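What follows is a short report on a single structure.
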Amino acid sequence: MDNYGFWSLLPPIVAIFLALRTKQVYLSLTLGIWIGWLIVNNGNIFSGSFDTLNSFVTVFNDAGNTRTVIFTLLVGSLIALIQRSGGVDGFISVVKNKLNNLEDKNNLKGNRKKIQLIAALTGILIFVESNISILTVGTLYRPLFDKLKIPREKLAYLVDSSSAPSCIIFPFNAWGAYIMGLLILQGIENPFAVLFKSIFFNFYPFLALITVFYIILTSKDFGAMKKATKRANDEGKLLADDAVPMISDEITLLSAKPNVPNRSINMIIPIGMMVLLMPIMLTYTGWNSSDSSLSFFMQVFDAIGKGSGSTSVLTSVTCSIIVAMLMYRVQKIMGIKEMIDLSLKGMSGMVSLAILMVLAFAIGSLCKELGTGLYVAEMTKSWLTPALVPAIVFAVSCFIAFSTGTSWGTFAIMISIAIPMAQSFDSNIYLVIGAALGGGVFGDHCSPISDTTIISSMASASDHVDHVKTQLPYALVAGMVAFLMYLVLGFLG
């Protein structure tokens, strides 16, 4: 059986509906998976429940899935080690000193632009993990923004709009590993190559960043942000009179170890090594599969496209952790036992993401078993043209992410539906994948229940509702332009 007809739609529909109603993504995905296996087993509750539990176990039958989950946990270890070593505090100190040196007390307007630009660039450069990017930029720049009378809403917007977009544009992180795992489940043989090509069609993150720099360079705020900027300039009020700022102390960076010198190299070297090792490992793992008739440089690019993404990210983060531990031991910052305990603590902070990955891989496999994507493609053939597929996928992804507050959960549902649709309609698969990913990030940016939106408000000590209201017009402009681009490119083929 190619698909289970209408019944193949039930698991993702139930998962989406429950997520909208309860805001409990983990529970919703689990129930959706359970209902799917009930369908496969013709309503037998015992067999369906057993297969549901077994589906979580079989996720780890795929070595790529297992490597991706382990990589996510190890990223938590690396982040904890870097924070405790004083690497983050050292990096913050270096940036502060640079900013103080650049400060011209007679050029207030120029300083505002300069500090906002550097804040946005810092958020883009820390693309290893979105929340660490948000927390670092919010902690670092809030005192400087306050000093220059830049509203807290603007800081929240900058940290929010430079974190997730950069994480998905530069896929050498947990985002990239996770998405490649979802692509493998849909039968994509060279997931890194497909993901890399789809980045050029993932319009929303690029448009979001362009909007950020346009707003900074032109100082042409609009919507609620314009009122906030005028309030800060004219009255010196960083927050609205009725604002209730979210206190960033509730979720902060792990404090550096006392009586230890804060050195930025303790952050820069481990993260730099992880990022640099990823393309090297992609080349290494894909070299035997590359075309030897090509020139050396072209063969390298061919090998990168055919390399194992999960192996590369896992090896890279492992080597980075080893280097970090050696550095901190030589500097006598931490002992072996302390570093092991800290690594385990860091892993615990990433367990929720690891569980979400397992659920995402499980529902992706289930949708493939049920033929959900094939049924959707067959059902819509009578009215949906190939030209409309990318725009529809983008819009649906946006709606799900906005309603559930999670881009990753949206990726899990949409990738399993979008790829079979693209293949059935003979649409550009890179364009459709880019639309699914971009729509997820767009909806997540607009959503008031998104974790990144909430953490941005916390890190900036901004009123959460004010952050959502001031960011929404900017996100909507970028999202509407992205939607139109998918329509145009869809009709152009």
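Predicted model, so just to flag it, every value in this text is computed and none were measured. Basis for what follows: all heavy atoms, side chains included, without hydrogens, waters or symmetry-related copies.
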Seminar exercise, completed: Here the gap from Ile400 atom CD1 to Met414 atom CE, rounded to the nearest 0.5 Å, amounts to 5.5 Å
Exercise. Just checking, any donor-acceptor pair under 3.5 angstrom between side chains of Thr315 and Tyr284?
Worked result: no
Exercise. Does the Ser457 side chain pair with the main chain of Asp463, one donor and one acceptor, at a distance under 3.5 Å?
Worked result: no
Seminar exercise, completed: Closest non-hydrogen contact found for Lys149 with Ala232 is O-CB, 3.3 Å
For this session: Would you please name every residue forming a salt bridge (charged side-chain N to carboxylate O under 4.0 Å, His left out) with Lys469, sequence neighbours left out?
Result: none
Exercise. How far apart are the closest heavy atoms of Ser316 and Ser312, and which atoms are they?
Worked result: OG-O, 2.7 Å
Seminar exercise, completed: dist Leu183:CG -> Ile433:CD1 (nearest 0.5 Å) comes out at 5.0 Å
Problem set entry | Name of the residue among Met267, Met339, Met327 meeting side chain to side chain contact (heavy atoms under 4.5 Å, CB included) with Leu81 | Met339
Exercise. Of the non-hydrogen atoms in Ala475 and Cys446, which two are nearest, and what is the gap between them?
Worked result: CB-SG, 3.8 Å
Problem set entry | Pairing residues for Asp242 by the salt bridge (charged side-chain N to carboxylate O under 4.0 Å, His left out) criterion, not counting sequence neighbours | none
Problem set entry | Nearest-0.5 Å distance, CG of residue Leu437 to OG of residue Ser397 | 8.0 Å
Exercise. Salt bridge (charged side-chain N to carboxylate O under 4.0 Å, His left out): which pairs involve residues 256-276, sequence neighbours left out?
Worked result: Lys257-Glu338
Exercise. When you check the gap from the basic side-chain N to the acidic O, do Asp221 and Lys227 get nearer than 4.0 Å?
Worked result: no
Problem set entry | Atom pair CZ/CG of Phe71 and Leu78 - distance to nearest 0.5 Å | 9.0 Å
Exercise. Name the one of Pro165, Ser162, Ser163, Cys167 that satisfies side chain to side chain contact (heavy atoms under 4.5 Å, CB included) with Ile124?
Worked result: Ser162
Problem set entry | Side-chain (Ser407) to main-chain (Gly440) donor-acceptor, under 3.5 angstrom | no
Seminar exercise, completed: Taken to the nearest 0.5 Å, the spacing of Glu153 CD from Ser460 OG works out to 9.5 Å
Exercise. Can you check whether Lys226's main-chain N or O pairs, donor with acceptor, with Thr229's side chain at less than 3.5 Å?
Worked result: no
For this session: Tell me whether the centres of the aromatic rings in Tyr430 and Phe200 are closer together than 6.0 Å.
Result: no
Exercise. Just by distance, do the side chain of Thr470 and the backbone of His467 share a donor-acceptor pair under 3.5 Å?
Worked result: yes
Problem set entry | Geometric class of the Phe442/Phe394 ring pair [parallel <30°, tilted 30-60°, perpendicular >60°] | parallel
For this session: Determine yes or no for a side-chain-to-main-chain donor-acceptor pair under 3.5 angstrom, with Arg231 supplying the side chain and Lys237 the backbone.
Result: yes
Exercise. For the ring pair (Phe, Tyr, Trp, His ring centres under 6.0 Å) test, which of Tyr204, Phe402, Tyr474, Tyr157 pairs with His445?
Worked result: Tyr204
